[in-house]
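The residues of the chain are indexed from 1 along the displayed sequence.
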Amino acid sequence: MSNSLPILLLGLSLFLSIPDTGRAESAHERVALMLTGPDCLSLRQQIVSALEQQPSVLRADQDLMPDHVLVDIVRQQMTEETVAGIANAATGGGQCRAEIMKSCITAELPSHGIDSPQSSDGQAHSH
């Protein structure tokens with residue numbers, strides 16, 4: 001039994017040295033901005049540059065999804081609305097609009113038809 005205490009202490013120290021990645025990851029959030037308008041292609045780099053100048057923006061990527069900018073932010077320091085505001089200000093009045101994309105999980109519920117999976121014509125919707 002004399003070897004079990006050092007092994008237990010070693011195991012405990014290894015366990016305590018593992019970083020708490022769950023807590024670290026929850027401090028970051030990815031915001032998806034959809035860009036719409038005829039000037040967006042020419043203004044994308046300008047939008048990305050304006051976002052990347054913000055200390056709360058970890059990364060802004062215009063290449064992962066067409067017509068979108070994916071922005072990684074520090075959640076406690078910046079909101080989705082602020083990200084969209086910075087992107088829209090960066091267009092300088094051009095014909096390009098940045099809108100926050102919400103997933104079906106985070107989007108607000110519609111005000112009608114939430115109790116029934118069927119549409120008003122009686123047919124079920126497919127997803």
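Between Leu51 and Val83 the shortest side-chain heavy-atom distance falls below 4.5 Å. Taking 4.5 Å as the limit, every side-chain heavy atom of Cys40 sits out of range of all side-chain heavy atoms of Thr91. A 4.5 Å side-chain heavy-atom check between Asp72 and Val57 finds every atom pair outside the cut-off. At a threshold of 4.5 Å between non-hydrogen side-chain atoms, the residues Val71 and Val69 count as touching. The side-chain heavy atoms of Leu33 and Met101, taken from C-beta on, include no pair separated by under 4.5 Å. Using a 4.5 Å heavy-atom cutoff, the side chains of Arg30 and Arg59 are in contact.
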After noting the C-alpha distance and the side-chain angles of Leu58 and Ile73, does the key distance pass the side chain to side chain contact (heavy atoms under 4.5 Å, CB included) rule?
CA-CA 5 Å; Leu58 303 170; Ile73 62 170; over 6 Å; no

Please assess Glu80 against Lys102 for the test salt bridge (Lys or Arg N to Asp or Glu O under 4.0 Å), listing each intermediate value before the final yes or no.
CA-CA 10 Å; Glu80 293 177 334; Lys102 300 249 184 205; 3.1 Å; yes

Output, in order, the C-alpha distance, side-chain angles, deciding distance and verdict of side chain to side chain contact (heavy atoms under 4.5 Å, CB included) for Ile86 and Met78.
CA-CA 11 Å; Ile86 292 166; Met78 183 172 279; 3.9 Å; yes

Applying side chain to side chain contact (heavy atoms under 4.5 Å, CB included) to Asp67 and Met65, what does each step give before you reach the verdict?
CA-CA 6 Å; Asp67 302 320; Met65 290 178 58; over 6 Å; no

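Put simply, the side chain of Ser49 gets close to the backbone of Gln45: a donor and an acceptor are under 3.5 Å apart. Under a 3.5 Å cut-off, the side chain of Arg97 and the backbone N or O of Leu35 do not form any donor-acceptor pair. In this structure, the side chain of Gln46 engages the main chain of Ala90 through a donor-acceptor pair within 3.5 Å. At least one donor-acceptor pair under 3.5 Å links the side chain of Asn88 to the backbone N or O of Ala98.
In this structure, Arg44 CZ and Asp39 CG are separated by 13.5 Å, a value rounded to the nearest 0.5 Å. Between atom NE2 of residue His68 and atom OG1 of residue Thr36 there is a gap of 9.5 Å, rounded to the nearest 0.5 Å. Here NE2 of His28 is found 10.0 Å from OG of Ser56. Values are rounded to the nearest 0.5 Å.
Nearest heavy atom pair, residue Ala32 against residue Leu70, reads CB-CD2, 3.6 Å. The two residues Asp63 and Asp61 make their nearest non-hydrogen contact at N-OD1, 2.6 Å. The heavy-atom pair separating Ile100 from Ala84 by the smallest distance is CG1-CB, 3.9 Å. A pairwise comparison of heavy atoms in Cys96 and Ile47 identifies SG-CD1, 4.2 Å as the closest pair. Here the shortest heavy-atom pairing between Gln95 and Pro38 reads OE1-CG, 3.1 Å.
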